[in-house]
Amino acid sequence: MKFDTPATTNPIDQMKVVGKPLDRIDGPLKTTGTAPYAHDRHDVVPNQAHGYILGAAIAKGRIVSMDLAAATAAPGVITIVTARNAGKLVKGDFNTALLLGGPQIQHYHQAVALIVAETFEQARAAAHLVRVEYVHAKGAYDLKAGQKTSKSADSNGAPGDTAVGDFDGAFASAPVKLDAGYSTSNESHSMMEPHASIAAWDGDQLTLWTSNQMIAWSVGDLAKTLGIPKAKIRVLSPYIGGGFGAKLFLRSDAVLAALGARAAGRPVKVSLQRALIPNNTVHRAATIQRIRIGATRDGRITAIGHESWSGNLPDGGPEAAAIQTRSLYAGLNRMTSNRLTVLDLPEGNAMRAPNEAPGLAALEIAMDEMAEKLGMDPIAFRVLNDTQVVPDFPGKVASDATSRNKPAAHPPFSKRQLVECFNVGAKRFGWDQRNAKPGQVRDGQWLVGMGVASAVRDNMVMKSAARIRLDRHGIVTVETDMTDIGTGSYTVIAQTAAEMMGVTIDRVVVRLGDSSFPVSSGSGGQWGGNSSTAGVYAACMKMREAVAQKAGFSAGSDVVFADGQVRSGERSMPLGEVAGLRGLVAEDMIEYGDFAKKFQQATFGAHFVEVGVDIATGETRVRRMLAVCAAGRILNSKTARSQVIGAMTMGVGAALMEELVVDQRVGYFVNHDLAGYEVPTHADIPHQDVIFLDETDPISSPMKAKGVGELGICGVAAAVSNAIYNATGVRVRDYPITLDKLIGQLPRMG
Ligand code: MOS
């Protein structure tokens, strides 16, 4: 199904099942510990051996020698895989470094060997007996030092730099202005389930049980890395204990399980030990940002500039933190620049709301600072500078009259309710209770303050396919390689199929995460919910046609699917009866035409935070939070709310706790486990509330839905920082806001 005109009324609009706060259909499996996660799949193939990955002990350089003798002779050891015996490996399209290094080492903890043994403990013990001799090369690990060698860098098709009007002139002449620097830290996804895979070969056919967000990308890169046809690979990933972007791409557990199983001649299971993950895999790269805003005295932005610097390995991309500044606020004169510097730290890549999360962490403090300079309420300042069209857009330079690349009309947003989010939130949160003067509100030992921030995150749409089976009992089975990374995919897909086929949700079976199923959008970039259900919608439309035809209803007649029946006029038949003994099968894909490109699709929100800062210790506690989201149709108000609450909590982590600390001498992240890398839990925040505005977006898909999983984190860190400022009068521009950044500057106790 080609989606190339705005959605009109369709069966989803009935909202009998879609939108309801239904419990997760996979909930009982998960809460009873019986959902088969990759590492738990002892039953799928017999005789599994265990692999343990040895990571490089240098960040850059070369292996001179590897002495495997003691490890090979250790109890239970079956085989050891290294770059010397692994055969030719090719870097996957989505990988920045080889997943098995040697002799060249590209980053710290890059895998250099897989030790395969009868038990995990034997493999781990033997790994410690491997002697590796390295030659160090001088590496670059310091982002600040690398700023001068940085280059403008594109990000997924968006240009590195944009310019509209005369930014420099307008900024210079603005009566009120801000020029400030900010920084965000290297962050680790820290999902609960580590990367894990079991690989088994049957001749030249490889089966991989793993934990991965994007099945088709995984198959493609596994085929490329190993030099085997995609048809010879089956990847299964039905349950995933969190991803946040860390599992978008193939990682070392998968490749080394496959290589280990080939070498051992039997199935091999590999899980990355927690302490290997931050340096072996991916992280959100730190940024340094500079923001300049100029405004008239009455608060209209006349100039806005955002520059961001981040680092990555030579083949990596930038953390494009300036990107949302192209579309969030009005202003005639603008510039943005995302700059990349080559560093020899591990690979930086997508983590929940890549670009916007760190970008808004800076921009939304800057907006708070500007509002204060203007003597305006921070919400009023944002509302005044709202825009219903994109003020900047890639590749078009409005000031360049001679350009053949003529400025097109500024595209409108398909739906933008940022102002409504603030209005609704201000009322619910009690924003009028905020004291605009910082450091005024005391509650015992606590200095109390409130802060807000805007949230924006693009709504990407991805083609997505599904297969529907209808059996003689009227059971509807959905098959698609879509994944559920804890988001609720199983449930919203079941709701979609139930709505479309007119059955109750207990009549729907959902099977996900198997490369033998039609290729879906996968889970990433908050596109999964809308795109994958739109694919199911398309396949269900096909099935409805097949049912109507088999039931003998003439095309174009008024066919209704309800109560497990198909009905036309006076005639109705149970779906199972129509399907008959052999059942019916239908498959289709949602594909997006160009029409949606005439619009900017995005999701919007407003975050409200109240903090208490301990006046003696500088410790910050988030007392309550509210997110108001405008994100299209909400497919399940319970799973969506859980997504947003999880994202808000993660945003508090970025604000207050999370930082992978770089050891500049060795070039690695020192605190590479969950003892040294701290994240908050829900219990750290006593009150969290989420409001979804009533919204449908007919441009996004037949579902009229968008994404919420990433919107929920966007802006949170700044709202926390702004609340801390309001509480204490201390403006912290460098994340995380740990107590050492506050303690010396707090007002005297009294
Ligand atoms: Mo997301 S960071 O694309 O899983």
Side-chain angles (χ1 to χ4, degrees), residues 93-96 155-158 184 186-195 210-218 221 237 239-251 277-278 281-287 310 312 316-321 323-324 346-361 455-464 481-489 512-513 520-532 601-603 631 643-644 646-651 653-654 658 679 706-717:
D93 292 337
F94 292 103
N95 290 137
T96 299
S155 171
N156 293 325
T184 62
N186 290 295
E187 295 170 12
S188 174
H189 303 75
S190 302
M191 64 286 156
M192 200 179 288
E193 181 203 23
H195 304 266
T210 191
S211 182
N212 191 286
Q213 299 172 222
M214 301 293 296
I215 303 298
W217 292 2
S218 220
D221 264 0
S237 181
Y239 294 94
I240 300 165
F244 307 128
K247 296 173 182 166
L248 283 169
F249 315 118
L250 193 68
R251 301 254 66 102
I277 291 175
T281 66
V282 274
H283 64 281
R284 191 204 298 279
T287 65
S310 63
N312 213 336
E319 184 68 40
I323 233 163
Q324 73 290 317
E347 176 186 350
N349 214 319
M351 177 167 147
R352 202 175 203 168
N355 311 327
E356 279 99 330
L360 288 163
V456 60
R457 171 70 177 159
D458 270 353
N459 184 60
M460 289 175 265
V461 289
M462 299 278 272
K463 62 183 182 186
S464 196
D481 85 354
M482 180 58 186
T483 49
D484 188 325
I485 63 174
T487 41
S489 310
L512 302 181
S520 73
S521 63
S523 298
Q526 83 170 6
W527 63 61
N530 176 52
S531 297
S532 71
Q601 290 188 43
T603 57
Q643 276 294 291
V644 175
M648 289 156 77
T649 309
M650 207 165 173
E658 296 184 44
V679 297
K706 297 190 210 174
V708 295
E710 295 187 332
L711 178 68
I713 192 174
C714 291
V716 171

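Whatever order the structure lists them in is the order used to number ligands and atoms, beginning at 1. Here, residue 1 is the first one in the sequence, and each next residue gets the next number.
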Atom indices of ligand 1, in the order listed, that fall short of 4.0 Å to a heavy atom of [X]:
| X | result |
| --- | --- |
| Leu248 | 3 (O), 4 (O) |
| Gly524 | 1 (Mo), 3 (O), 4 (O) |
| Phe244 | 2 (S), 4 (O) |
| Ala350 | 2 (S) |
| Met351 | 2 (S) |
| Pro354 | 2 (S) |

For atom 3 (O) of ligand 1, closest protein heavy-atom neighbour: Gly525 N, 2.6 Å
Write out the residue and atom name of the closest protein heavy atom to atom 4 (O) of ligand 1, then the distance separating them to 0.1 Å. Gln213 NE2, 2.8 Å
If we count only N and O atoms by modelled type, under 3.5 Å, do the side chains of [X] and [Y] hold a donor and an acceptor together?
| X | Y | answer |
| --- | --- | --- |
| Thr603 | Gln526 | yes |
| Thr287 | Thr184 | yes |
| Thr483 | Ser237 | no |
| Glu319 | Ser310 | no |

Closest candidate by heavy atom, reference atom 1 (Mo) of ligand 1, pool Arg352, Lys247, Glu710: Glu710
Whether [X] side chain and [Y] backbone form a donor-acceptor pair below 3.5 Å:
| X | Y | result |
| --- | --- | --- |
| His195 | Thr281 | no |
| Asp481 | Gly513 | no |
| Asn312 | Gly348 | yes |

Measuring from Trp527:CH2 to Glu710:CD, what's the distance to the nearest 0.5 Å?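 Reported to 0.5 Å precision, the distance equals 8.0 Å.
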Is the closest heavy-atom distance from Gly243 to ligand 1 below 4.0 Å?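 Judged by the 4.0 Å heavy-atom criterion, Gly243 does not count as contacting ligand 1.
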N/O to N/O below 3.5 Å, does that happen between Gly245 and ligand 1? yes
Contact region, Ile485 to ligand 1, non-hydrogen atoms below 4.0 Å, reads neither
